[in-house]
Protein chains: 2
Amino acid sequence: MSDAPTDAPTDPPREAPDDVSPHVPTDAPADPPREASLDVIQRELTAFARRARAAAARVHPEIPLVSYTLLSHIEDRRGCRATDLAAHYLLDKSTVSRQLAGLEKLGLVERRPAPEDHRVQVLHPTEAGLAVLATAQANRRAAYQERLKDWSGEDLDRFAGYLLRYNAAGPDGLPDPD
Amino acid sequence: MSDAPTDAPTDPPREAPDDVSPHVPTDAPADPPREASLDVIQRELTAFARRARAAAARVHPEIPLVSYTLLSHIEDRRGCRATDLAAHYLLDKSTVSRQLAGLEKLGLVERRPAPEDHRVQVLHPTEAGLAVLATAQANRRAAYQERLKDWSGEDLDRFAGYLLRYNAAGPDGLPDPD
DNA sequence: AAAGAACCGTTGTACTATACAACTGAAATC
DNA sequence: GATTTCAGTTGTATAGTACAACGGTTCTTT
């Protein structure tokens, strides 16, 4: 995404969630409020990304962190290749290679050369890998539940829908390969 | 935030934005849909953070990147101190110190010892710093406008509101210091 | 089928972003 | 005035990445 949040973090939740009129958006000239919303979205998304990053390091002391993301994808797409991961996450091959090396050393993934194509490595989570994922997943879920406990089901639903829609535009506004 | 997005990236926009029923949330038992929404939110937020990070590096080749975030805050809070930045972004003093050193070397910020307290450094953006910020801000805004061009004003407004609300919980679910 | 192109993954090297700990200087407290 | 506390810097270490150069493999093309 060419709109990466990388700035304008000034201070996210400074103006309470009210200054974003929940209803009078398309009434007036329609353009000013639109821009205001865009700015808020940009700023908040940025703030989120920045904090997420910082927090990430604190949350998974057990596993080298980003490897975790990859492990998760490996579980989801059993038997995927390193190249798939790189393409999916917009990472360099070398980065993935090293992350996988780490995961293997930790005994969380197995990589076996594919029988059909000897260049390719087929990736699978190990028992340990699955266990780690399960635990972390549970922790995360609990954290989100706590953070969003005051939200109505309807709000959660809509928020989820918006996020899905936002992300659906793909990594760079592109159709999202993969 | 203990809910840091650090995993379950499997593949964000895989299920179209429709499988999140936009209206029938609080009707049924109310619990299953809630959990589903939570999972989606968790996953999408995670996906966003991951990609944002990757994209960030591609978007601001000009300036060492994260420094950008700090510069932005410095503009917003003229005359703030390095410690303020550290506290605000949950960064170590040393990290901020080095980032600022970089920004100063690039001529984007000035730091002067405060007259009243000789330990403190008062930070100000330079002309060049303001110019860089303005340019980047324009780029970002354009990118967001493009990405969200198909959204209705009402949806933008609501999405902005949700993000604000989400972030308002603070870096860790805490009352958000600062 | 031999040559060349395309591919997959690894390794060397370099850089950003961070953290933690130790240290210097300058208030503030006692 | 001695101690503690606070602001920033510097040393050292680590994660995460990228890019470029390779070493095998497989697919294409003559």
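Chain letters run A, B, ... following the sequence lines, proteins first, then strands; residues in each count from 1. The structure displayed is predicted, hence computed values, not measured ones.
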Quiz item: Looking at dC8(C), dA22(C), dA18(D), which one has an atom nearest to any side-chain atom of Lys93(A)?
Solution: dC8(C)
Practice problem: Please report the shortest heavy-atom distance between Cys80(B) and His73(B), naming the atom on each side. | Solution: SG-CD2, 4.4 Å
Practice problem: For dA19(C), take OP1 and OP2 only and decide whether either is under 4.0 Å from a side-chain N or O of Thr95(B). | Solution: yes
Practice problem: May I have the distance from Leu85(B) (atom CG) to dA19(C) (atom C1'), rounded to whole angstrom? | Solution: 17 Å
Quiz item: Between atom CG in Leu91(A) and atom P in dG16(D), what is the gap in whole Å?
Solution: 11 Å
Quiz item: Heavy-atom distance under 4.5 Å between the side chains of Gln99(A) and Leu91(A), does that happen here?
Solution: no
Practice problem: Return the value, rounded to whole Å, for the distance between atom NZ of Lys105(B) and atom P of dC15(C). | Solution: 12 Å
Self-check item: Position toward the 5' end of DNA chain D (nearest nucleotide), Ala82(B) or Arg119(A)
Solution: Ala82(B)
Quiz item: Whole Å only: how far is the CG atom of Leu100(A) from the C1' atom of dT11(C)?
Solution: 15 Å
Exercise. For the pair Tyr162(A) and Tyr162(B), name the ring-plane relationship: parallel under 30°, tilted 30 to 60°, perpendicular over 60°.
Key: tilted
Practice problem: Please state whether the rings of Tyr166(B) and Phe159(A) are parallel, tilted or perpendicular, taking 30° and 60° as the class boundaries. | Solution: tilted
Exercise. Supply the atom-to-atom distance Thr83(B) OG1 to Gln121(B) CD, rounded to the nearest 0.5 angstrom.
Key: 9.0 Å
Self-check item: Distance in angstrom units between Gln121(B) CD and dG25(C) P, rounded
Solution: 15 Å
Practice problem: Look at Ser97(B) and dT9(D) and indicate whether a side-chain polar atom (N or O) is within less than 4.0 Å of OP1 or OP2. | Solution: yes
Practice problem: Have a look at Asp117(B) and say if it touches a base, only the backbone sugar-phosphate, or nothing, with a 4.0 Å heavy-atom cut-off. | Solution: sugar-phosphate
Practice problem: Among dT25(D), dA26(C), dG9(C), find the nucleotide with the atom closest to the side chain of His118(B). | Solution: dA26(C)
Self-check item: Between C1' of dG25(C) and CD of Glu116(B), the distance in whole Å
Solution: 18 Å
Practice problem: Mark yes or no for a side-chain to base donor-acceptor pair under 3.5 Å between Thr83(B) and dC6(D), with no hydrogen or angle criteria applied. | Solution: no
Quiz item: Roughly how many Å is it from CZ in Arg112(B) to P in dG8(D), rounded to a whole number?
Solution: 14 Å
Exercise. Starting from C1' on dG8(D), measure out to CD on Glu104(B) and report it in whole angstrom.
Key: 12 Å
Quiz item: Ignoring hydrogens and angles, does a donor from either the side chain of Arg98(B) or the base of dT12(D) sit under 3.5 Å from an acceptor on the other?
Solution: yes
Quiz item: Between dA19(C), dG16(D), dT10(C), which nucleotide has the shortest distance from any of its atoms to the side chain of Gln99(A)?
Solution: dG16(D)
Quiz item: dT18(C), dA18(D), dA21(C): which one has an atom nearest the side-chain heavy atoms of Asp92(A)?
Solution: dA18(D)
